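Counting starts at 1 for both ligands and their atoms, following the listed order. Numbers here are sequence positions counted from 1. Since the structure is predicted, the reported quantities are computational estimates derived from the model, not experimental observations.
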Amino acid sequence: MATAVALRRYQNYIDGRFVDAQGGKTVKVENPSTGQIVSEVPDSSIEDTREAIRAAEKAQGDWEKLAPIERAGYLRKIAAALRKDPEHLARVISEEQGKVLGLSRVEAGFTADYIDYMAEWARRLEGEVVTSDRPNEHILMFRHAIGVIGGIVPWNFPFFVIARKVAPALLTGNTIVIKPSSITPNNAGEFAKAVAEAGLPAGVFNLVCGSGAVVGQELASNPSIGMVSVTGSVDTGVRVMEAAAKNIIKVNLELGGSAPAIVMADADMDLAVESIKASRVINTGQVCNCADRVYVDKRVADEFTEKFVKAMSETKYGDPLVDEGLDMGPFVSGDQLKLVEGRVKQAVADGATVLTGGKRDAGRPEGYFYPATVLGNCRQGMPIVRDEIFGPVMPIVTFDDLDEAITYANDSVYGLTSSIYTTNLDVAMRACKEIKFGETYINRENFEAMQGFHAGWRKSGIGGADGKHGLYENTRTHMVYVSYDLAAGNKK
Ligand code: NAD
């Protein structure tokens with residue numbers, strides 16, 4: 001592994017100041033396309049994390065006292081700061097995460113748009129007025145901030161997920177401590193610079209870089225945290241929930257997925273092929289809501305498979321900072337590459353046939369590259385069909401009728417996203433009712449809208465993000481019973 005010439009440094013952002021970890025420890029960040037070290041960031045301790053939590057706690061009361069429209073003003077300033085040099089942000093994201101530049105540009109732009117969208121809710125935050133059993137009473141439901149929120153972020157859409165946690169939390173009067181993934185912390189440092197430029201009061205937004213075992217666990221277990229919001233794997237969700245249970249605090253968990261894509265015999269086959277491929281190779285398959293397993297009607301299985309294999313085999317991949325016009329970059333890390341290689345080997349041992357891909361390109365040993373791969377001859381119950389793959393690998397399973405397809409789709413510990421391709425309205429309507437997932441995409445690729453509600457069933461999570469419902473996840477309710485004299489104001 002080569003060492004980079006100019007090593008950049010990023011710092012934590014605590015109580016309105018950029019600081020190193022107290023012990024001065026750092027971790028290095030790698031470019032997955034080249035293996036080069038590009039930066040070092042703080043490897044923070046429990047004490048660094050506690051300092052950030054204390055700063056957030058101190059700032060929270062005054063922050064909540066501001067009118068929502070004033071808090072929205074600060075959010076808009078962050079969005080404006082992020083829009084100043086989106087190309088720089090996109091390159092930072094691609095460099096450490098490996099996604100193609102076009103997608104990093106979308107991520108950078110979407111992040112600013114998301115913050116503006118959440119700012120728009122300032123004049124729309126609502127409580128409720130409830131009818132009382134008493135003639136002389138009003139019952140009011142207020143929504144208040146929870147307090148200090150711990151936000152734990154993954155590496156796959158690292159920049160956007162920061163905004164997904166920060167914007168609704170801050171708008172509703174909470175303060176926050178963000179912990180980025182140790183694999184992709186540079187973009188979080190860039191986000192902190194935008195916060196500093198926006199002039200947020202000290203302590204409202206804090207960034208602490210470090211490991212999940214140290215910083216993440218402290219955010220989940222510290223008694224001053226009011227809610228811990230994690231996007232990550234199911235294993236991490238379990239550990240965070242266990243730690244949070246000690247303080248009975250709210251958890252918001254956005255976890256893994258294994259999304260089924262059902263292709264009916266009457267589907268627009270070209271649309272199905274194009275959308276499922278797009279949904280499988282985006283971000284090198286490292287997306288929680290990617291199509292992860294295809295179920296295709298036996299009558300059209302040959303036609304679909306032939307077209308799909310051709311489309312996948314044409315997938316262009318390479319170093320996103322060198323080539324534009326790519327479909328995929330490398331995996332984010334060597335560990336991720338090994339994991340997916342191992343899953344494909346296991347599938348072949350279980351009887352799957354490699355129809356395209358399935359092997360690393362020997363000509364590119366320096367980066368964590370892997371080709372788009374299609375596996376035929378797969379059956380329900382194989383680990384490659386059952387588990388989250390998190391790579392550009394698609395197993396194909398055939399079915400006899402819709403009952404069987406829906407049974408296969410629902411047979412999963414995950415319940416995040418799903419899709420179906422059909423031109424029959426009755427089939428689409430049945431699928432809406434019987435597919436047991438938080439999201440179903442009909443005749444389109446899997447990708448949620450910021451005004452929707454992204455929330456998984458089963459082990460894919462608890463609670464959700466985006467839209468009105470995601471915003472209110474960051475609040476708690478307060479019922480107030482106002483009793484009054486029915487004769488008040490009259491002459492006695
Ligand atoms: P991960 O679980 O390894 O890490 C996520 C974050 O949790 C990181 O910041 C990590 O440092 C931290 N962490 C790890 N162990 C921890 C612990 N014991 N306590 C507290 N924090 C800990 O996940 P990842 O590899 O970064 O991301 C990939 C996973 O995230 C996939 O399973 C994917 O499906 C899921 N994901 C889900 C969504 C969603 O919206 N549902 C979105 C993106 C990614």
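The pair R293-D411 does not meet the salt-bridge criterion, since no charged nitrogen lies less than 4.0 angstrom from a carboxylate oxygen. Residues D15 and K58 are paired through a salt bridge, judged by an N-O separation under 4.0 Å between the basic side chain and the carboxylate.
Remark: R17 CZ is loosely packed, at most 12 non-hydrogen atoms of other residues, nucleotides or ligands lying under 6.0 Å away.
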For residues 246-256, run the donor-acceptor check on the side chains, cut-off 3.5 Å, and write out each pair with its distance to 0.1 Å, sequence neighbours left out.
residue : atom : partner : partner atom : Å
N247    : ND2  : S221    : O            : 2.7
K250    : NZ   : E473    : O            : 2.7
N252    : OD1  : S229    : OG           : 3.4
N252    : ND2  : G464    : O            : 3.1
N252    : ND2  : E473    : OE1          : 2.8
E254    : OE2  : A465    : N            : 3.3

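Judged purely by distance below 3.5 Å, without hydrogens or angles, the side chains of S44 and K179 never pair a donor atom with an acceptor atom.
For the pair T175 (side chain) and A56 (backbone), a donor-acceptor distance under 3.5 Å is present.
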What are the polar N/O contacts of ligand 1 with the protein below 3.5 Å, with distances?
residue  : atom   : partner : partner atom : Å
ligand 1 : 2 (O)  : S233    : N            : 2.8
ligand 1 : 2 (O)  : S233    : OG           : 2.7
ligand 1 : 2 (O)  : T236    : OG1          : 2.6
ligand 1 : 9 (O)  : V153    : O            : 2.7
ligand 1 : 9 (O)  : K179    : NZ           : 3.1
ligand 1 : 11 (O) : K179    : NZ           : 2.9
ligand 1 : 18 (N) : Q217    : NE2          : 3.4
ligand 1 : 19 (N) : G212    : O            : 3.4
ligand 1 : 19 (N) : Q217    : NE2          : 2.9
ligand 1 : 25 (O) : W155    : NE1          : 2.7
ligand 1 : 26 (O) : W155    : N            : 3.3
ligand 1 : 26 (O) : W155    : NE1          : 3.2
ligand 1 : 30 (O) : G232    : O            : 3.2
ligand 1 : 32 (O) : E388    : OE1          : 2.8
ligand 1 : 34 (O) : E388    : OE2          : 2.5
ligand 1 : 40 (O) : H454    : NE2          : 2.9
ligand 1 : 41 (N) : L255    : N            : 3.2
ligand 1 : 41 (N) : L255    : O            : 2.7

